[in-house]
Amino acid sequence: MNFDEIIKEKPHLQSPLELYMKIKELTEQCKKERERMKLDSDVSLIDIVLKNFSTAFQIPYESIFFLKDEILKSGKNIIKEPSSLWSLQIQSEELSKEEVDRMLFILSKPFFVFLRRDGQQASFMETGKCPICGTESSLSMITENNEKIMICPLCEHGGSFFRIGCPYCFNKDSSKIELLLDEEEIRAELCLECNTYIKSFKENHYMKYRDPFLIDLVSLPLDIVVQKRGYIRRSPNIVGLRRI
């Protein structure tokens, strides 16, 4: 299914879906330019991200160019540690703190993806966190072979994890993990030990949407139900939301 079809089917999710369309465009264009131009210098990569952010979100480049200077002055190595971008101190009279935080989260996304190499294989088994960028994940796919693949929301790496188990506290007792399903049978796996949850979907859902992050967004109502019950989502979804 494409974005327009999903929005038509789920109009209540139009806003996050449209935001994701722009984030996806930003990330894909940044990857293409980096590969085509074979750029690796910090300044060149920052330029690529800012210019494509300007295009994807239809913001004049001149109005965000100052971010390049702020990044370079901060001394933060956002190429190796993209999350350091989130703590950048940006003062704006036009944007609220929430809007600034959302902008910095979106800007960090291509830098996280730059960390990952195509075909790279590494599991989540050891720490429950993404082995590429160290991010916690709240999304997983169950394959036809009944294996669990955790999916990082930032660098997009997918790696194996225990079929039954919480990636946060490593609880593997099935009696302490409850399941809650939505109308499409996308599941929330609730850990009774640490009061957190992850979402999981079967491979046939992937064949329908062809995008794990779309699946995460179309099941936002499931997050709402689970969070009203007091369970915590530890990692953001693709548009930067943890609390729905």
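Heads up: numbering here begins at 1 and tracks the sequence. The model shown is predicted, which means the values in this text are computed figures rather than measured ones.
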Residue pairs passing the salt bridge (charged side-chain N to carboxylate O under 4.0 Å, His left out) test with at least one member in residues 122-143, sequence neighbours excluded, are E136-R234
Residues at least two apart in sequence or cross-chain that pass side-chain contact (heavy atoms from CB on, under 4.5 Å) with K202, listed by chain then number, are N204, H205
ask   = Any chain of hydrophobic side-chain contacts (each under 4.5 Å) joining F57 to F213?
value = yes
Note: F105 and V239 closest approach over all heavy atoms is CE2-C, 3.8 Å
Chi angles and distances behind the side-chain contact (heavy atoms from CB on, under 4.5 Å) call for V113, C155
CA-CA 4 Å; V113 173; C155 76; 5.5 Å; no
Taken to the nearest 0.5 Å, the spacing of L179 CG from L190 CG works out to 7.5 Å
*Heavy-atom check, side chain of R102 versus side chain of L241, under 4.5 Å*: yes
Nearest heavy-atom contact between Y168 and Y197 is CE1-O, 3.9 Å
Taken to the nearest 0.5 Å, the spacing of T135 OG1 from L115 CG works out to 9.0 Å
Residue pairs meeting salt bridge (charged side-chain N to carboxylate O under 4.0 Å, His left out), one or both in residues 160-180, sequence neighbours left out, come to K176-E193
Could you go through the side-chain contact (heavy atoms from CB on, under 4.5 Å) check for I46 and F111 one step at a time?
CA-CA 9 Å; I46 292 170; F111 294 107; 4.1 Å; yes
| request: Answer yes or no: is there a side-chain heavy-atom contact under 4.5 Å between L67 and I90? | output: yes
In short, side chain to side chain donor-acceptor pair (under 3.5 Å) pairs touching residues 235-244 with sequence neighbours left out are S138-S235
By ring-ring contact (aromatic ring centres under 6.0 Å, His included), Y61 pairs with (sequence neighbours left out) F65
Applying side-chain hydrogen bond (donor to acceptor under 3.5 Å, both in side chains) to E81 and not counting sequence neighbours gives none
Taken to the nearest 0.5 Å, the spacing of D101 CG from L88 CG works out to 10.5 Å
inquiry  = With clusters defined by side-chain heavy atoms of hydrophobic residues (ILVMFWY) lying less than 4.5 Å apart, directly or transitively, does I64 cluster with I23?
reply    = yes
In this structure, CZ of F114 is separated from NZ of K80 (nearest 0.5 Å) by 16.0 Å
Note: E184-K208 ion pair, threshold 4.0 Å (strictly below): yes
Residues 137-149 vs salt bridge (charged side-chain N to carboxylate O under 4.0 Å, His left out), sequence neighbours excluded, gives K148-E189
### Query
Are E70 and K76 ion-paired here, with the side-chain N under 4.0 Å from a carboxylate O?
no
Heavy atoms of P16 and L220 approach each other most closely as CG-CD1, 4.0 Å
Checklist line | Pair K24 + E28, salt bridge at N-O below 4.0 Å | finding: yes
- With a 4.5 Å heavy-atom cut-off, do I132 and C152 have their side chains touching? no
Original post:
Are I164 and I149 connected in the hydrophobic side-chain network, where two residues link if heavy atoms are under 4.5 Å apart?
Top reply: no
_S54 side chain vs I59 backbone, donor-acceptor pair below 3.5 Å_ = yes
Heavy-atom closest pair (L180 atom, L222 atom, distance to 0.1 Å) is O-CD1, 4.0 Å
Those residues at least two apart in sequence (or on a different chain) that pass side-chain contact (heavy atoms from CB on, under 4.5 Å) with S96 are E98, E99
- prompt: Do L17 and F201 share a hydrophobic cluster, counting only Ile, Leu, Val, Met, Phe, Trp and Tyr and linking them when any side-chain heavy atoms are less than 4.5 Å apart?
  reply: yes
Interatomic distance, CD1@I186 vs OG@S219, rounded to 0.5 Å, equals 4.5 Å
- Task: Would you check if F53 and P110 make a side-chain contact, meaning some heavy-atom pair closer than 4.5 Å?
- Result: no
Is the shortest side-chain heavy-atom distance between C191 and C169 below 4.5 Å? yes
Kindly work out whether a path of hydrophobic side-chain contacts (I/L/V/M/F/W/Y, heavy atoms less than 4.5 Å apart) joins L107 to I71. yes
Sequence neighbours excluded, the answer for side-chain hydrogen bond (donor to acceptor under 3.5 Å, both in side chains) partners of D4 is none
*Step by step, work out the side-chain contact (heavy atoms from CB on, under 4.5 Å) result for T27 and F112.*
CA-CA 10 Å; T27 304; F112 275 103; over 6 Å; no
Minimal heavy-atom distance between I198 and S140, with the atoms involved, is CD1-OG, 4.0 Å
Should we count NZ of K68 as having more than 12 external heavy atoms under 6.0 Å? yes
| Under a 4.5 Å cut-off applied to non-hydrogen side-chain atoms, are L19 and I106 in contact? | yes
Would you say that Y206 contacts I142 through its side chain, given a criterion of any heavy-atom pair below 4.5 Å between the two side chains? no
With sequence neighbours left out, the residues meeting side-chain hydrogen bond (donor to acceptor under 3.5 Å, both in side chains) with K73 are none
- Message: Taking G230's backbone N and O only, do any of them form a donor-acceptor pair with N195's side chain (distance below 3.5 Å, no angle check)?
- Response: yes
Practice task
Take Q14 and E18 through the side-chain hydrogen bond (donor to acceptor under 3.5 Å, both in side chains) test and state the conclusion after the steps.
Solution key: CA-CA 6 Å; Q14 181 173 350; E18 288 180 342; 2.9 Å; yes
Heavy-atom nearest pair, K10 first then Y209, reads CE-OH, 4.0 Å
With sequence neighbours left out, the residues meeting side-chain hydrogen bond (donor to acceptor under 3.5 Å, both in side chains) with K32 are none
Quick note, salt bridge (charged side-chain N to carboxylate O under 4.0 Å, His left out) partners involving residues 221-231, not counting sequence neighbours, are K199-D223, D223-R233
Worksheet item: Mind checking whether P167 and F124 have side chains closer than 4.5 Å, heavy atoms only?
Response: no
Given Y20 and L13, is the side-chain contact (heavy atoms from CB on, under 4.5 Å) satisfied, shown in steps?
CA-CA 11 Å; Y20 176 42; L13 297 175; over 6 Å; no
